[in-house]
Amino acid sequence: MNLDQFLAKFTNQKLFDKEKIFRHGNELFLVASQLSQVQEKSFSFIGKNPFFIGEFIGVETPHKVIPSLSLLNRLNKVSVKKAVVNEKGEWLFACGRDLWKESIIKLAADLNNDDFLLIVNELDEPLGIGILKQDKHCFVKNYFDIGDFFRREH
Amino acid sequence: MNEFLERYKKLGSVEEQFEVGQCIRVNTLKTSHSAIVNRLKSKGVKLEKIHYARDGFFVRQTPFSIGTSIESLLGYFYVQEAASQLPVEVLAPKETDIVLDMCSAPGGKTTQVSQWMNNQGVVVAFEKNNRRLLAFKSNCERLGVNNVVAFNTNAEKAASLSLKFDRVLLDAPCSGNFIADKSWFQKRSVDAVKSLCQIQKSLLKAGISVLKKNGVLVYCTCSLEPEENELLIDWALHNLDVMLLPTNLKIGSEGLTNVFGKKLSAEVRNCRRFWPSHTKTQGFFIAKLVIK
């Protein structure tokens, strides 16, 4: 899955200017012009690209796009494909768990199995991405959650 | 008595080990002081304002690990010791500035610089240690920083850039202190401390070389050893075209001007030294330098 395919699962709106995307390995960054100038100048002296620049958008691999917190926020502003979870669900989801129906307070209409959806708490803050899986084991499968910040460093 | 404690006594302070309380810095790029105080209060967390740090709060009581809370994951605050919040306050970067952060990982001060700049201007960050890049990236992402360009290289290379900076932050690699690390006394020797000084000198020299005429460089360490602090700054006053300005901090004591019998420039008083027994923080040192 590439970034375009991932974004299309949530919205048809243009979220940012793709010309301003800088790729470092499989990491994507949105770079404002004043940073590009510094980057270009620095590259000629340091001889290497930055490992972090501007707004981190996420990681794009052939199999999966892992959105940044910033991208989740951008999607949350425009997408209606979301599920609102209660406090217990918020914590379990951020711990990497799938969601049961009991944790979901509100769910967008017209969703089908395997649809991607944003998971938000009752304050409309993004907690991650889920995939609708209405079966006897779970209701929303955890695709990515913000607890990753903690897990990736430990 | 331990050789370091003996040195501290000779320098005028009787020190002993104790545990400093946890502190956070509220990330005003994403929330406000009152919003986070009230939100955490409803979950049983008691915060108390740190009177000498603009966005700092002591965590007086918490029923859970605050660093792994949803609010932390959403980037509303950063767990940061009180004294280490102060170098950026002394640097006071502005929205229009181009700032150099010379030894930037794990990104606590870098993200604080961005916060002071309201995500405007440019922060150029250097970090030499590969193993610390993940934490840096994670923190910049979580705290919503988007004005940083960061390179995995030695900060001494800053001298080869064709850029000049309004502000330079040099949070120099140092020997640390016994408050931040309980086994510090067992790990360190005075000789090892002295060996770090050459690196600190080179970095300071590089930082000064890219500073604009009216720019400000803040040098800091979390060390109590005068070789890494007052003696180094005294060397800079004699060998680089710089002078010291007062930090105007409301905490800490004047820099030492007599170190084991060696008299230093009177200007060194303008530095700020954080004796843990006085400030109830970790050991720390801050100097504010400008070009003459």
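Residue numbering restarts at 1 for every chain, and letters A, B, ... go by the order of the sequence lines.
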Item to check | Winner by heavy-atom pair count (cut-off under 4.5 Å) against chain B, out of A/Ser42, A/Ala32, A/Ser70 | outcome: A/Ser42
Checklist outcome for this item: Counting heavy-atom pairs under 4.5 Å with chain B, the top scorer among A/Val31, A/Leu127, A/Ile46 is A/Ile46
Item to check | Contacting moiety of B/Arg131, where chain A heavy atoms sit under 4.5 Å | outcome: neither
Item to check | Derivation and outcome, side chain to side chain contact (heavy atoms under 4.5 Å, CB included), residues A/Phe45 and B/Ser162 | outcome: CA-CA 8 Å; A/Phe45 289 93; B/Ser162 62; 3.3 Å; yes
Checklist entry - With a 4.5 angstrom heavy-atom cut-off, which part of A/Leu72 approaches chain B: side chain, backbone, both or neither? => result neither
Checklist entry - Can A/Arg152 and B/Glu141 be said to form a salt bridge (Lys or Arg N to Asp or Glu O under 4.0 Å), step by step? => result CA-CA 13 Å; A/Arg152 72 177 73 154; B/Glu141 177 192 352; 3.1 Å; yes
Next on the checklist: I'd like to know whether CG of A/Asp110 has more than 12 heavy-atom contacts from other residues, nucleotides or ligands below 6.0 angstrom.
Outcome noted: no
Item to check | A/Gln5 atom CD, over 12 foreign heavy atoms within 6.0 Å | outcome: yes
Checklist outcome for this item: Ordered numerically, the heavy-atom neighbours of chain A under 4.5 Å found in residues 117-128 of chain B are B/Gly121, B/Val122, B/Val124, B/Phe126
Item to check | B/Leu163, part contacting chain A, at a heavy-atom distance under 4.5 Å | outcome: side chain
Checklist entry - Crowded around B/Lys164 NZ? As in, over 12 foreign heavy atoms under 6.0 Å? => result yes
Checklist outcome for this item: Turns out that what part of A/Phe52 lies under 4.5 Å from chain B's heavy atoms comes down to both
Item to check | Region of A/Asn121 in contact with chain B, defined by heavy-atom distances below 4.5 Å | outcome: side chain
Item to check | A/Ser68 versus chain B, the contacting section by heavy-atom distance below 4.5 Å | outcome: both
Next on the checklist: Around atom NZ of B/Lys46, are there more than 12 heavy atoms from other residues, nucleotides or ligands closer than 6.0 Å?
Outcome noted: no
Item to check | CD/A/Glu122: more than 12 non-hydrogen atoms of other groups inside 6.0 Å | outcome: yes
Checklist outcome for this item: When the 4.5 angstrom heavy-atom criterion is applied to A/Glu27 and chain B, the contacting part is side chain
Item to check | Whether over 12 other heavy atoms sit under 6.0 Å from B/Arg54 CZ | outcome: yes
Checklist entry - With a 4.5 angstrom heavy-atom cut-off, which part of B/Lys137 approaches chain A: side chain, backbone, both or neither? => result both
Checklist entry - Would one find more than 12 heavy atoms of other residues, nucleotides or ligands at under 6.0 Å from atom CG of B/Asn214? => result no
